[in-house]
Every structure is written in structure tokens, then in C-alpha cells.
Number of protein chains: 2
Amino acid sequence: MNANGDGMAQARETGTLGKLMVLLDLVTHADAPLRFTDILSLAGQPRGTLHRQLSHLVEEGLLELDGDGRYAPGLRLLDFAARSWARNEFRLIAEPHLAALQQVTGETVHLGVLRGQSIIYLDKVEGRQPVRMYSQIGNASPCYCTGVGKAALSLLPAESLADLLAGVNFTRFTAATHASPASLLAEIHEIADQGYAFDREEHEAGIRCVAAPIWSEDRTFLGGVSITGPAYRLSMELLAQWAVPVQQAAGSIMEGMRIRLGPRR
Amino acid sequence: MNANGDGMAQARETGTLGKLMVLLDLVTHADAPLRFTDILSLAGQPRGTLHRQLSHLVEEGLLELDGDGRYAPGLRLLDFAARSWARNEFRLIAEPHLAALQQVTGETVHLGVLRGQSIIYLDKVEGRQPVRMYSQIGNASPCYCTGVGKAALSLLPAESLADLLAGVNFTRFTAATHASPASLLAEIHEIADQGYAFDREEHEAGIRCVAAPIWSEDRTFLGGVSITGPAYRLSMELLAQWAVPVQQAAGSIMEGMRIRLGPRR
DNA sequence: ATAGATTGTTCCATTATTTGGAACTGAATT
DNA sequence: AATTCAGTTCCAAATAATGGAACAATCTAT
């Protein structure tokens, strides 16, 4: 049934929009296109209501309904996202610095921002092979097991950090994934001291990274840059050496933001 | 089925959602982030109403409000789009055929779908240099001046075509852009006969392409594949030769759809 | 083929949300 | 200090969303 697991996280105050977003989330997070009845049981809404809601989403192009009555994410989302990405100021500022960092290390470079409890990857510069485009960009990953995520968390004041972690559901992706707030907190203090973070195969087995935090003057904006690669090629010693160039890249990006965005607020 | 006998074009029946989408459109189509007052004048809504609507969009992450009170597209759109793209069945089916076509010609290959009066580019395989990711993917381009667009239009029955063109605003991007439905219609008949379409620098000066149409059995789904490149390298003679491989790729993709999606619809 | 179950769609009185005018706050400008 | 301008909050009235129930269209198992 509507086994929502832990607690009611849906205390949104966005009225009609909030209800529709829950549906959009359901459909876009599903592994395969959903039938009307699938959504019915997941959303727990009356049939009539759900039918109208889905119709509206389809009419607006946010969902698509195929001939077999299956609902899939709509292509209008792509159009919105393309614009959102192309004009994103932070990404535009960071772009050249990411490319430079990739040149120096030869490995894949990521740029991410903290949104809620997730890191959203805004850009990626890969080494050899051509990019499979949305492979990582736009992806929302957990903050507690990614380099960029932990770097961003290390910037938060203790109280906000506690609040944020209280809502996190710790999924163990690998043997190295932090399983509780306690062990994560200890590492985050360390990260705050040294100014960079590692991902020791915590999100994906065989993948390591080193990341440095990026923040705005008022600490409203939290994100990071990282260098990622396979563990067989990236020893922990090598990663530790790369902490310096990653921090420098982060510094350059912050400088770029200061200049471009001005001394506001 | 649109049993809409009378031609109420713009009257969307999506209630609250429709109004919010207008705002999202405004903000994502703007050249720069908009202030509250900018949106106020564009949207023509009462202040109180607009304020609540924008707040809801921000709270849901569809818009972002920076410290200077400027509204920009939200990053949640990226997350939605990444999923929408990654799981898109049509794109997954077409992917290998696009790569093959790129190998044969060495030029950039595009995959697009007709949505309303626009072509939305779903994928892109580039020749040499690494892809700048959202450069084209997700982009919505006019149907009347792109190869994929004209190929898709050539599949429409006369009446639907007339209806669609009635709503098109013919912007002349270059000297070669069709300026009226009349000249476009003539070319579309030709395209329908021969089974492929050219873009003779109609959208962007110096850029040519040849495209072949793709459709589902019931002609509900219309799209196309194209090979695009600079005019100095792609003579019209060369493009004409490539009509064959492009049509073959389109055929393979349609075959893939038939197998994967079954004889339904 | 037929009955019965399942799935999807439409209707409409009730209920809840949205609306929009107006009054309020705070910052920038004169 | 006075005046505009930009943004926010409030609440009765207008409007849209809700959800139960009836209806229609498919599927499934005799």
C-alpha cells in the first residue's frame, strides 16, 4: 500500500502545486513507466482526483501518457532544464576552472551544489571519452557519501548540520558508507579543519574522489568541486596530493563569484 | 484524441497548474534573472497573487530566489530532466543507430521529436571535440526551419499540418528561412515524396543538414534523425548522398521501436 | 461467448484553495 | 524628513480542487 516508511515528510505548504510535485516525483523516480493504478496505490489519492491531476500534468507536457496507458516523464522538462543549465551563473563562472583542473589531473572533474539533503551535479568535465551527457549532470546524489557533499556539509554551523542530518536516511551503498550521523560528524569536523574531503569508495565501490568546498560570503550557497576516478588508478596518496589543486580551483571559482556577483547582501 | 471541434487554441484547462507554468515559462525564457516587478509587469497578475505563486515555485525548487531578489530557474528542474532523459525509451532505442551514423559520416548526428510546434532535441552524437552537454539536448527549436522539423511535418495529414502551421510565427533567422506557410508547404510536399529533408542554412547561417523522418505505426509519434555540419564542408551534393544512410538509420530506429514497444497503440 | 473482476473516465455537490484589493513594512531617493 | 518604489502580509469573496459514486471500457477465467 502506501507504505511511506519513516514519518510524514510531506508537510509542504505549497497547496495544489505541492500535490502535483509529489506525483511528478513518483513518476520520474520510478524505474519504469507507471500505469494509472500503480500511481493510484503509491499516491493514495481518490481515483477521480488523481485522474484530473495526471491529466493536467500531461496537458502541460510535464508527463507523457503513451498508448498503453503508461505515464512517463514529459519532454517539456528537458526544455526547462536546458535553459536552467545554460544560464546558470555559478556554472558559467566555474566552467573554465573545471576545464583547467581536468587538464592538470587528467581525471573527471565535477561541480555540485547542496540542495536540501542532496548534491545536485551541475557540470562535469571528463578525460578521454566523449561525455554521455546527462550521465551525471542534473543527478541528485546523497550528501553523506560523496566528496562534494561532505565538503559542503563541513561549511554548515553545528546546529544547521544537526537539523539537516536528522532528516537523512543513511543508506549503505558500500562497506565504506557512513552508517550513522555520529561517524559522519567526526569526519566532517576533520574536513572542516583541513579544507578538503575524500570519498573513499563510499558511494560506489571502486570509485574515489577528493573534493573542496565552495561557498558564498554569507554561507547561503554551499557546493564543491571534485576529482573522481577509479580506485586502481587513484591511490589515496595521489588523491591527497590533488587536494591542493582542487582547493585552488575552488578558490578561483569563489573569486570569480565575488567579482561577478558583487558584494551583495 | 483532441475532440476539440472549435479551435480554442490557447485556452488551457489546467487550472492552477497552468497559471504556474506560465510563470515558469516566463522565468526560464528570460535572458537574465527577473526581479519581482519585472515578472509583475509581464504576467499581469495582482501583486499578492503573484507573490504567493512565486513563493510556492521557489519552495518546490522550480525557481530560485537569490539575495538580490532575482528569480532564476531552479535546479530541481535539472534533476527531473536527468531522469526524464536517462529513461526515455525512444532515445535508448535510437542511441546505437545514432552512433553508427556518426561513424559513417564523421559529422554531428541529432535525434529530435515534434512537440507542439517545436522540435525538441533528445540526443546528439558529435564528431571530434567533446560535447558541451546541454548545448543542443533539450533545446526546443522551430519546426519550420530545421531538417528534423520539416521531416516530421511531412508525415502529418494535410489538415493537421494546416492547423499546426496556422499557429506558427514565422521568424526569419536567415535569408533562406521560409517566410510563409505557402513556400514551406510546397517544400513539405516534396519532402513527403522523397522521404528526406534538407536544411539549407535556414536556421543558422553556414549550417546545413539532411534529415529523415521517424514515426510510430499510428503516426502519433513524429520525429527524425539528422546529420548536421558547416556548409563549407557539407556541399549539397554530399548531403544528397547522405540521404541514404540517414534514411537507413531512421528505418533501423523504427524497427527497434516496433520490436521493443510491441504491436500496440 | 459470457460473467465477473479489473482498470480507467466522467459527473457534481461539497470543501478547500486561490484570488485580488488594500493596508503595511522597509529600503532607496530626493 | 518626506516621498517614492519594491516587496510582503491579510482576509472576505471567487474559484478551483476534492472525492464518492456511477459509468465505460478492458481483461480473465470459465
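Lettering follows sequence order; numbering is per chain, from 1.
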Tell me the interatomic distance from B/Leu17, atom CG, to D/dT18, atom P, rounded to whole angstroms. 12 Å

Would you say the rings of A/Phe221 and A/Phe90 are close, in the sense that their centroids are separated by under 6.0 Å? yes

In whole Å, I'd like the distance from the CG atom of A/Leu54 to the P atom of D/dT18. 12 Å

What is the distance, rounded to the nearest whole Å, between atom NE2 of A/His56 and atom P of C/dT18? 14 Å

Grab the CG-P distance between A/Leu40 and D/dG20 for me, whole Å please. 12 Å

Looking only at side-chain N and O atoms, does A/Gln53 come under 4.0 Å of OP1 or OP2 in D/dT18? yes

B/Thr37 side chain near D/dG7 phosphate (N/O to OP1/OP2, under 4.0 Å): yes

Got a salt bridge between A/Glu60 and A/Arg76, using NZ or NE/NH1/NH2 to carboxylate O under 4.0 Å? yes

Length of the line joining B/Ile39:CD1 and D/dA6:C1', which is rounded to integer Å: 13 Å

Can you work out whether B/Gly48 or A/Arg52 has the more 5'-proximal nearest nucleotide on DNA chain C? A/Arg52

Name the nucleic acid region contacted by A/Thr16, choosing base, sugar-phosphate or nothing; use a 4.0 angstrom heavy-atom cut-off, strictly under. sugar-phosphate

Of A/Lys19 and A/Tyr71, whose closest DNA chain C nucleotide lies nearer the 5' terminus? A/Tyr71

Answer yes if the ring centres of A/Phe170 and A/Tyr144 are under 6.0 angstrom apart, and no otherwise. yes

Looking across every strand, which nucleic acid part, if any, lies under 4.0 Å from A/Arg47 by heavy atom: base, sugar-phosphate, or nothing? base

For D/dT8, does OP1 or OP2 lie under 4.0 Å from any side-chain N or O of B/His51? yes

Taking CZ from A/Arg35 and C1' from C/dT9, how many angstroms apart are they, rounded to a whole number? 15 Å

Measure the distance from CG on A/Asp68 to C1' on D/dC27 and round it to the nearest whole Å. 14 Å

Assess, by modelled atom type and distance only, whether the side chains of A/Glu59 and B/Thr14 contain a donor and an acceptor separated by less than 3.5 Å. no

Base, sugar-phosphate, or nothing: which does B/Thr49 touch, judged by heavy atoms less than 4.0 Å apart? base

Round to a whole Å and report the spacing from CG of B/Leu23 to C1' of C/dT19. 14 Å

B/Cys143 side chain reached by B/Leu164 side chain, heavy atoms, under 4.5 Å: yes

What nucleotide, of D/dA16, D/dT8, C/dG8, holds the atom closest to the side chain of B/Phe36? D/dT8

For C/dG20, does OP1 or OP2 lie under 4.0 Å from any side-chain N or O of B/Gln45? yes

